[in-house]
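A short worksheet on the structure shown next.
Order of listing sets the numbers, starting from 1, for every ligand and every atom in it.
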Amino acid sequence: MATPLHFVSSKVYPRLTGGRFNTVRIAFVVITQLLYFGLPWLNWDGQQATRFDFDSMRLYLFGLTLLPQDFIYLAAALIVAALGLFLWTMLAGRLWCGFSCPQTVYTEIMIWIERWVEGPPNQRRKRDAAPWGAEKVLRKGSTQLLMAAFSLWTGLTLVGYFTPMRELAANLGAGDIGVWEALFALSYGGFTWLLAGVLREQVCKHMCPYARFQGAMFDRDTLLVAYDDKRGEPRGARRKQHAIIPIAANVGRDDKPQGACVDCGLCVQVCPTGIDIREGLQYECIGCAACIDVCDEVMDKTGQARGLIRFSTQHAMEQQQPLPSLRQRPRALVYSGLLLAIVALSATGLALRVPFKVDILRDRAVMQRESNDGYIENVYNVRIMNTERDSRRYQLQVESAGLVRVEAPPLQVAGDSVTSFNVALVADPALLPSGSHTVSVRIVNLDDPSQVLHEEARLLMP
Ligand code: SF4
Ligand code: SF4
């Protein structure tokens, strides 16, 4: 049975590779990390651009303040993320895993650290197998120290998405970080170190749930990294003098016809999950394309066409056809249409959203009462939540004016806060019969009259 120790002992030492996909992967590492580490430091309109405040249950997003009442947008964002993942997986297979999954990105960074401190894979393998000595302790200790520092930084950054980042940094500098913040940073940092620094490819192979349910989203036109066995086999070392002749004339050392694969094994050596892509489609393949890069180099050196290992689909490989277009994939069109519709609806909703909320509740302690001039008053508790940064004034207006009027001055609510007011609705008993009436109330932001909300109140007449 596979144990954690077994995972660690079966460590893969991927060989460094260059190439176009490697450049794209590095670009993804840089972009995702710039976003992750940079966003909590970015201020927007005088406050942290992205932060979720647990105390007030508010999400601050580039000047927008979302409240629990705006849950619909969070739900829409989750649906878009899920549909996007389905669509992307159906089209591009495990491209997400190979290029932008946090596990891949952090593993890549940990391998950079390891390579920087301990040298290339061969040296690392030898050192790992050698008995402990001063040099090994120093190198391995330095690697772990750097990995732990980086992991802790990821943990602290995550805390910065929930607590003001600049305050957190100042508190950290003063050695005054809160217990929960410290625990949160240590837990997340610890997981980063464990998953990316220790377990690495074992997470993709044995723990990742996404890898398990991908099969349900794949079809025969899903993009994957594939070895062209029709072109590559029979594989084998090549006679030197034939190294640069065209593939059709390839001949092996034993003078038998030979495919394009020279059996150099480099595609296995660069693979971060340690598999041999020539054995066919395997669930351990994360689609990182390192084997494509290295095999292309081999093809260049042996004077053969690139693409012995390439991004393709099962269909295209079997029938040696070009990749299908989006139009030939109705399921992709349905997913794309749904995605676009939800994004358009959410964007419209957000654009039209009024940045304040109002609750009008009857004051149960005060039943309707008669004023000195013979009118009937109903008292309400009006709770206004201003989600903008600046103070705002609101005016209540009754839509059935003439029958009922509001007795309240403009209601001032400080920025980013909630205030309750007692407001009376006054009706003439000569015009409204006794019983319960629904009154429509219009609430206008006097500082921006385009912002209007409509609420209803129950009015009781004796
Ligand atoms: S890198 Fe290419 S040529 Fe070398 S073993 Fe792999 S498939 Fe064959
Ligand atoms: S087989 Fe190729 S694409 Fe798949 S994980 Fe290994 S190197 Fe990456």
Side-chain angles (χ1 to χ4, degrees), residues 10-26 28-29 89 92-101 103-105 107-108 111 121 196 199-206 208 210-211 214-215 218 222-240 242-247 250-253 257-314 317:
S10 60
K11 186 174 171 182
V12 174
Y13 299 84
R15 186 185 170 124
L16 187 65
T17 176
R20 59 206 159 123
F21 293 112
N22 185 53
T23 309
V24 175
R25 205 170 40 256
I26 291 173
F28 266 100
V29 172
T89 307
R94 298 194 72 177
L95 227 56
W96 157 262
C97 304
F99 288 83
S100 43
C101 170
Q103 174 64 21
T104 308
V105 167
T107 300
E108 186 92 13
I111 291 176
L199 297 177
R200 297 190 180 173
E201 73 286 348
Q202 306 300 341
V203 175
C204 310
K205 282 180 169 178
H206 306 286
C208 175
Y210 177 53
Q214 274 170 340
F218 273 40
T222 298
L223 204 63
L224 43 86
V225 174
Y227 166 71
D228 188 346
D229 56 353
K230 289 192 179 68
R231 200 191 130 188
E233 302 296 320
R235 68 185 80 155
R238 176 161 317 181
R239 281 169 60 160
K240 264 248 174 339
H242 293 296
I244 53 166
I245 59 176
I247 183 167
N250 280 348
V251 178
R253 283 191 181 146
Q258 188 199 306
C261 174
V262 297
D263 206 13
C264 61
L266 285 174
C267 50
V268 182
Q269 291 173 33
V270 298
C271 179
T273 61
I275 60 168
D276 186 346
I277 192 67
R278 295 171 299 171
E279 286 169 13
L281 183 59
Q282 292 152 74
Y283 80 92
E284 294 97 333
C285 173
I286 58 169
C288 70
C291 53
I292 299 183
D293 277 335
V294 80
C295 189
D296 279 350
E297 278 177 23
V298 176
M299 294 297 106
D300 289 348
K301 281 183 191 153
T302 55
Q304 304 183 74
R306 287 181 162 203
L308 176 58
I309 303 176
R310 61 181 181 268
F311 276 112
S312 187
T313 69
Q314 279 176 280
M317 273 299 194

Ile275 neighbourhood, listing ligand 2 atoms whose heavy-atom distance to it stays under 4.0 Å: 1 (S)
From SG (Cys264) to CZ (Arg235), nearest 0.5 Å: 10.5 Å
Validation row: Cys285, Ile275 side chains within 4.5 angstrom (heavy atoms): yes
Closest approach of any protein heavy atom to atom 6 (Fe) of ligand 2, naming residue and atom: Cys271 SG, 2.3 Å
The single option from Val12, Thr273, Thr107, Thr104 passing side-chain contact (heavy atoms from CB on, under 4.5 Å) against Arg200: Thr107
Metal proximity, Cys285 vs atom 4 (Fe) of ligand 2, N/O/S cut-off 2.8 Å: yes
For Cys261, atoms of ligand 1 separated by under 4.0 Å from a heavy atom: 3 (S), 5 (S), 7 (S), 8 (Fe)
Nearest non-hydrogen protein atom, atom 8 (Fe) of ligand 2: Cys288 SG, 2.3 Å
Per-residue contact class, Val268 against ligand 1 - non-hydrogen pairs under 4.0 Å: neither
For Arg306 against Met299, the heavy-atom pair lying closest together: CA-CB, 4.1 Å
Atoms of ligand 1, numbered as shown, that sit under 4.0 Å from any heavy atom of Cys267: 1 (S), 5 (S), 6 (Fe), 7 (S)
Closest protein heavy atom (residue, atom, distance) for atom 5 (S) of ligand 2: Ile286 N, 3.4 Å
Sole residue of Glu233, Arg278, Glu279 in side-chain hydrogen bond (donor to acceptor under 3.5 Å, both in side chains) with Tyr227: Glu233
Close approach of Arg235 to ligand 1, heavy atoms, under 4.0 angstrom: no
Atom indices of ligand 1 within 4.0 angstrom of Ile309 heavy atoms, with elements: 7 (S)
Side chain proximity check, Gln202 to Lys205, heavy atoms < 4.5 angstrom: yes
Pairwise side-chain contact, Asp293 with Val270, heavy-atom cut-off 4.5 Å (strictly under): no
From Ala226, Cys291, Cys97, Gly98 - option closest to atom 2 (Fe) of ligand 2 by heavy atom: Cys291
Contact check, Val270 vs ligand 2, heavy-atom distance below 4.0 Å: no
Region of Val225 that comes within reach of ligand 2 [heavy atoms, distance under 4.0 Å]: side chain
Proximal ligand 2 atoms for Gly287, defined as those under 4.0 Å from one of its heavy atoms: 3 (S), 4 (Fe)
Qualifying residue for side-chain contact (heavy atoms from CB on, under 4.5 Å) with Ile309, from Val294, Asp296, Asp228, Val225: Val225
Approximate separation, where rounding is to 0.5 Å, of Asn22 CG and Cys288 SG: 9.0 Å
Close approach, Gly265 and ligand 1, non-hydrogen under 4.0 angstrom: yes
Nearest non-hydrogen protein atom, atom 4 (Fe) of ligand 1: Cys264 SG, 2.2 Å
Nearest atoms (heavy-atom pairs only) where Ala92 meets Thr222: C-CG2, 4.4 Å
Qualifying residue for side-chain contact (heavy atoms from CB on, under 4.5 Å) with Phe99, from Val29, Val105, Val24: Val24
Per-atom contacts, ligand 2 versus Ile277 - under 4.0 Å to a heavy atom: 1 (S)
For Cys295, the ligand 1 atoms whose distance to one of its heavy atoms is below 4.0 Å: 1 (S), 2 (Fe), 7 (S)
Protein heavy-atom partner closest to atom 3 (S) of ligand 1 - residue, atom, separation in Å: Val262 N, 3.5 Å
From Glu284 atom CD to Arg94 atom CZ, the distance as rounded to the nearest 0.5 Å: 9.0 Å
Per-atom contacts, ligand 1 versus Arg278 - under 4.0 Å to a heavy atom: 5 (S), 7 (S)
